[in-house]
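Structure, as structure tokens:
Chain letters run A, B, ... following the sequence lines, proteins first, then strands; residues in each count from 1.
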Protein chains: 2
Amino acid sequence: MENPRENPLPLPTIRRYPIFLRAIGEMMDAGEAFISSSVLAERLGLDPVLTRKDLAMAGVPGRPRRGYPAEELRAAINRALGWDSATDAVLVGTGSLGSALLGYAGFKEQNLSIVAAFDANPRLAGSTVHGVKVRPLAEMARLVRRLKVHLAILTVPTAAAQACAETLVEAGVRGILNFSSAQLSVPEGVIVQNVDLAQPLAVLSHAIARMES
Amino acid sequence: MENPRENPLPLPTIRRYPIFLRAIGEMMDAGEAFISSSVLAERLGLDPVLTRKDLAMAGVPGRPRRGYPAEELRAAINRALGWDSATDAVLVGTGSLGSALLGYAGFKEQNLSIVAAFDANPRLAGSTVHGVKVRPLAEMARLVRRLKVHLAILTVPTAAAQACAETLVEAGVRGILNFSSAQLSVPEGVIVQNVDLAQPLAVLSHAIARMES
DNA sequence: TCGTTATCGGTATTCAAGTAGCGATATGAA
DNA sequence: TTCATATCGCTACTTGAATACCGATAACGA
């Protein structure tokens with residue numbers, strides 16, 4: 001099925017796809033034309049069966065004793081993630097984390113280009129961070145609307161997050177990657193994905209605490 | 001049961017705990033002495049029953065029509081996460097992401113203090129980032145051993161990650177928060193928690209792609 | 001004092017994801 | 001040409017977490 005709506009991918013599968021894409025890219029660079037689930041799994045330390053099921057979800061048929069055609073597989077996964085066509089995004093909040101994300105190379109791999117950055121601090125406006133010009137927050141609504149940007153990366157302090165989100169949604173943003181710890185409330189049809197750096201730390205320190213007990 | 005080994009907390013619960021801690025802290029600042037699961041759930045946009053089950057796992061008994069005693073609850077959750085006593089960590093790789101993490105306030109909330117930072121680039125050595133002095137990589141093994149640090153945050157380029165990990169483990173590190181996209185291989189007893197910024201972006205863009213299809 | 005009710009805490013059910021088992025098939029070697 | 005085998009792809013089975021349900025209880029109001 002081509003229509004993603006009929007293809008409800010398991011959430012864990014979606015999370016593994018970016019990892020697969022990186023490995024597939026490296027294997028293609030090494031000259032491989034076919035990707036077998038066993039080799040890929042070995043490389044990533046995953047279960048081969050689980051890997052095969054994930055790859056099968058992309059809808060590209062594999063061949064016994066060869067694997068999946070690399071180029072088609074990569075294209076299918078990219079399509080499933082909506083990374084097949086270039087997507088524009090804006091970044092709001094050029095503090096230390098926001099600045100770091102402006103320089104994060106991974107976004108480019110995913111056909112995501114950050115076309116503008118904003119900050120509430122007027123002293124930062126006009127400066128350039130990793131090649132992106134920082135603009136005052138007041139220009140955000142107008143520019144987002146004009147550029148028809150649908151995706152925003154939110155790296156503002158928690159207290160400012162809800163107000164920013166509302167402005168962004170009002171200007172046409174459909175998806176927000178929220179790095180603040182605010183619980184954003186947005187209208188239906190807008191998707192918020194929270195990123196919380198404390199979560200992996202919690203998992204790690206709990207595991208260590210358990211081992212030492 | 002006090003012993004965490006007998007208390008295998010569900011992984012999703014552990015991930016929600018940091019969120020709960022923040023909210024509980026805010027409610028305590030507002031003068032609340034008791035935290036009810038329904039109020040907490042409302043505030044965080046979660047299911048009240050799910051929230052109550054999570055809180056129950058901490059082992060603190062609640063009271064009908066009141067809720068859980070705030071101070072005890074917070075202490076119990078912190079204990080479950082191993083955040084009850086201060087933990088030292090080192091950070092390796094002071095690129096843009098590493099620098100941002102040095103300034104991340106959330107770590108302090110979790111009793112985590114980054115006692116040293118290292119970078120392979122000798123030109124960076126000696127500089128100070130967010131109050132932490134950057135040292136050359138060559139000093140890492142010795143210092144980690146001397147300070148008896150058990151936790152490391154790894155923000156080096158993917159190509160350098162495995163070598164750094166090995167040095168750290170050799171020097172006594174038990175847990176690694178890995179921000180690189182390398183698949184680290186470490187000896188048994190060492191825990192690696194991977195953090196991949198591409199994953200939440202994948203979830204978000206897939207969701208948007210599905211809606212627009 | 002006594003009922004009402006918000007909240008806890010346990011049990012049961014459902015659902016999603018991971019795991020296991022197994023037949024089908026194309027490839028490569030004998 | 002024939003056979004051995006790596007790999008796919010399908011169908012259970014198991015596990016773990018979320019959801020639903022329901023009884024118990026302590027606080028509050030009448």
Query raised in the report: Taking CG from B/Leu55 and C1' from C/dG10, how many angstroms apart are they, rounded to a whole number?
Result: 16 Å
Report summary line: For A/Asp88, the side chain to side chain donor-acceptor pair (under 3.5 Å) test, sequence neighbours excluded, returns A/Ser113
Short heteroatom pairs, N/O only, protein and nucleotides 3-5 of chain D, under 3.5 Å:
residue : atom : partner : partner atom : Å
D/dT5   : O2   : A/Arg65 : NH1          : 2.8

Expected rows: protein N/O vs nucleotides 15-19 of chain D N/O, under 3.5 Å:
residue : atom : partner : partner atom : Å
D/dA17  : OP1  : B/Leu11 : N            : 3.4
D/dA18  : OP1  : B/Arg16 : NH1          : 3.1
D/dA18  : OP2  : B/Arg16 : NH2          : 3.2

Query raised in the report: B/Arg66 has an atom CZ; how far is it from atom P of C/dG9, in whole Å?
Result: 14 Å
Query - Sequence-distant partners of B/Glu42, side chain to side chain donor-acceptor pair (under 3.5 Å), two or more places apart - result: none
Report summary line: What one should report as the nearest heavy-atom pair of A/Pro18 and A/Trp83 is CG-CH2, 4.0 Å
Query raised in the report: Got a donor-acceptor contact below 3.5 angstrom from the B/Tyr104 side chain to the A/Ser96 backbone?
Result: no
**Report entry** Value in whole Å for how far the C1' atom of C/dC8 lies from CD1 of B/Ile35
**Finding:** 15 Å
Query - Whole angstrom value for the distance that separates C1' of C/dG9 from CG of B/Leu73 - result: 15 Å
Report summary line: B/Met57 CE to C/dC8 P, in whole Å, measures 15 Å
Query raised in the report: Any sub-3.5 Å donor-acceptor pair from A/Thr155's side-chain atoms to A/Gly93's backbone N or O?
Result: yes
Query raised in the report: Can a side chain N or O of B/Ser38 be found less than 4.0 Å away from OP1 or OP2 on C/dT7?
Result: yes
Query raised in the report: Looking for any heavy atom pair under 4.0 Å, which part of the strands does B/Pro48 touch: base, sugar-phosphate only, or nothing?
Result: nothing
Query raised in the report: Of the candidate nucleotides D/dA27, C/dT7, C/dA26, which contains the atom at the shortest distance from the side chain of B/Arg63?
Result: D/dA27
Query raised in the report: Got A/Arg210 and B/Pro8 here, is their nearest side-chain heavy-atom distance under 4.5 Å?
Result: yes
Query raised in the report: Rounded to the Å, how far apart are B/Glu32 CD and C/dT7 P?
Result: 12 Å
**Report entry** salt bridge (Lys or Arg N to Asp or Glu O under 4.0 Å) against A/Glu170, all qualifying residues, sequence neighbours excluded
**Finding:** none
Query raised in the report: When B/Asp196 is tested against each of A/Arg15, A/Arg16, A/Arg22 for side chain to side chain donor-acceptor pair (under 3.5 Å), which residue passes?
Result: A/Arg22
Query raised in the report: How close or far is atom C1' of C/dC22 from atom CZ of A/Arg52, stated in whole angstroms?
Result: 11 Å
Query raised in the report: Who are the side chain to side chain donor-acceptor pair (under 3.5 Å) partners of B/Ser181, not counting sequence neighbours?
Result: B/Thr158
Query raised in the report: Between B/Ser36 and C/dC8, does any side-chain N or O lie under 4.0 Å from OP1 or OP2?
Result: no
